[in-house]
There are 2 protein chains.
Amino acid sequence: MSQARGGNGGRPKRPTMVDVAREAGVALRTVSRVVNNDPTVGPEYVSKVEAAIAALNFRPDERARQLRTGVTGTIGAAVRRIAEVNPELAAIEQTARDCGLTLLAASTDFDEPREREILISMCRQRLDGIIVEPYGENHAYLQPELDAGMPLVAMDRPMSGISVDCVMSDNASGIGIAFHHLSQHGHRRIAYIGDSELVFSGRERAAAFRAALRAHGQPIEGLVHPGPITTERVCAALDTALHGDDPATALVTGNMDTTLTVLRCLGPQAAAQLAIVGFDEVPLADLLQPALTVVAQETFTIGRTAVELLRARMADPSRPVQTVVVPVTLKVRGSGELKP
Amino acid sequence: MSQARGGNGGRPKRPTMVDVAREAGVALRTVSRVVNNDPTVGPEYVSKVEAAIAALNFRPDERARQLRTGVTGTIGAAVRRIAEVNPELAAIEQTARDCGLTLLAASTDFDEPREREILISMCRQRLDGIIVEPYGENHAYLQPELDAGMPLVAMDRPMSGISVDCVMSDNASGIGIAFHHLSQHGHRRIAYIGDSELVFSGRERAAAFRAALRAHGQPIEGLVHPGPITTERVCAALDTALHGDDPATALVTGNMDTTLTVLRCLGPQAAAQLAIVGFDEVPLADLLQPALTVVAQETFTIGRTAVELLRARMADPSRPVQTVVVPVTLKVRGSGELKP
DNA sequence: GTGAAAGCGCTAACAC
DNA sequence: GTGTTAGCGCTTTCAC
């Protein structure tokens, strides 16, 4: 039994609360109360209204409700990639769901204009709050939104140009742990390859690695290789680190992409000889030979904390801005325990 | 310079078009036109309005626009997991963006009530259309939404109880290709381990594998092992297949999870001995030893096609329902070319 | 070209 | 308890 179509371009008209009220023989207000589970409605009215709703297949229009009440029940997450392994995002989704919040996730895709586009769009949609894994270098354009009361939380990296809540891993400790672990296994020459120092985490981790070298009385030359993660750049860095006069016997890789690129550059044979500790968990790390020792971020905690910070700010817009640093954990699997 | 706060719970009031109109000394209508880039506005008005918008940091409220115009410019994607590697979702997001559509993605998380909840919620939000990777067994409850004109497209699997557009891989051909490939490399006894036949793809793939065995005049006993993907079940199936009187020398795995579970059950040594062709691409397949030969789905095509089907239906709700079958491709990498 | 007024579908004051 | 009424912020007929 197909519905009659309205005149608006072939799309059938949906019943509204007015239609339901008419069908049930009650006032519009009563329908609204039933829909919102207001306990002060007489049971006979409830059943009449529910019957009408079922008869007409009425579904309340969420947009109208949002416009009227002012809240959307939706938070936004602007992350680098949805549709990739992203435990932070998974945690955000689950936590949001547990709080009764809908999640609108979008990929900034390592593109600054796109990030801006997404954030502005989320603001125009008047989402209840936004979590962003910032990519761009300047977010001052969001100041008016902040002034207008839009709750905003940065994840994994701080934002520049504005002051917002932030949750991220303890990058410095992670690098220190990796260095120390390799050092404990007898390595004297330990090299670092990681992301560009133009990137926040690349900057923090490279700096932490230099600090570790200094703390162990090691020279820095030839051992610290931050830069873009391309096959060429990484292979060249590997070459410098491993084939100099005083070659490194162990390696710390600064993020997942670096780790994978290094493994591909080395090839299975060489990779099995070199002690490696990666920063960031790697998918299938246990199936590699040797299995990969990594410094794992508490990604789930980070995502959950991001939502909690956001909700705290939604509840109290005037609370002081807060930065939460989440510890990291060493996962010992084999590659980091190879002897020099 | 902090804004004055409205009385609504500490959240400052945002300027509306009325405020902009007053500030600019023009009519509300004129502001609307400027915001929507209506070319029939005098340039001096445009600049006056734009100045007012900038002065007040006005952002049009998307919800109100949507309510008035009836369209949201947003499509929904209910997939099993966002935040996991999901090339279909990545393709959906990119294609949607290219079409000027916002994407609202949510994880059904292998949970039928949750899937239902998400889909109903998307309908209540009056999204312009929904793409769903169906999980539940009965979607008849969506019939009223279909009748009300909600465009709906199934991805990877058909939906049951309702008739909607669908895009999915050619499962049967994929299994045939895998079998044929192993057969060509000299294998006579080829086993299959895959997902439960309660699942659509598990059903299709197991059936296709039986058909392949029959076509090659092979017996079926002991070679076809569909079932839940647990370590115990898969290891037991492996045991049966590989350690009988007439052991299999090659294996077809029915999906990614099966492939990974098999590799973990076998361990590196045994895995290197057994010819394996996996259905579905596996992350880091190239880093394994031997690298994994797989039948890869054209995931990007599937996602793009889903959006295209959805847009076609949005444009013409009365067009005939269509199912698109996307071919699969063999990726030769090593594991499928081992001799018996 | 611009301006007043109606209304998208819902919720929340108010009286009854 | 229930019904009437006035909006939420925007777009869009219509006259001007």
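The shown structure was predicted, so the numbers you read here are calculated from the model rather than taken from an experiment. Values reported hereafter were calculated over all heavy atoms of this structure, with side chains retained and with hydrogens, waters and symmetry mates removed. Naming convention: chains lettered A, B, ... in sequence-line order (proteins, then strands); numbering from 1 in each chain.
- Residues passing the side-chain contact (heavy atoms from CB on, under 4.5 Å) test with Ala91(B) are Phe300(B), sequence neighbours excluded.
- The rotation axes computed at either terminus of the helix from dG1(C)-dC16(D) to dC16(C)-dG1(D) lie 40° apart, taking five pairs at each end and rounding to 10 degrees.
- Whole-Å rounding puts the Arg14(B) CZ to dC8(D) P distance at 16 Å.
- Annotation: side chain of Leu89(A) is in contact with side chain of Leu103(A) (closest heavy-atom distance under 4.5 Å).
- The list of side-chain hydrogen bond (donor to acceptor under 3.5 Å, both in side chains) pairs with a residue in residues 153-167 of chain B, not counting sequence neighbours, reads Asp165(B)-Arg313(B).
- For Tyr45(B), the side-chain contact (heavy atoms from CB on, under 4.5 Å) partners are Val26(B), Thr30(B), Val41(B), not counting sequence neighbours.
- In 5' to 3' order, the nucleotides of DNA chain C bounding all contacts with chain A (an atom under 4.0 Å from a heavy atom) are dG9(C) to dA13(C).
- Checked against dC10(D), dT4(D), dT2(D), the side chain of Thr16(B) finds its nearest nucleotide in dC10(D).
- Backbone-only contact: Val26(B) has heavy atoms under 4.0 Å from sugar-phosphate atoms and none from a base.
- Closest approach to the Tyr45(A) side chain among dT2(D), dG3(D), dT12(D) is made by dT2(D) (side chain taken as heavy atoms from C-beta onward).
- Taking every heavy atom of residues 30-38 of chain A and every atom of DNA chain D, pairs under 4.0 Å involve Thr30(A), Arg33(A), by number.
- Which of dG3(D), dG9(D), dC10(D) sits closest to the side chain of Arg65(B) comes down to dC10(D).
- Relative to the six-membered ring of Tyr135(A), Arg80(A) misses at least one condition, a distance below 6.0 Å or an angle of at most 45° to the axis.
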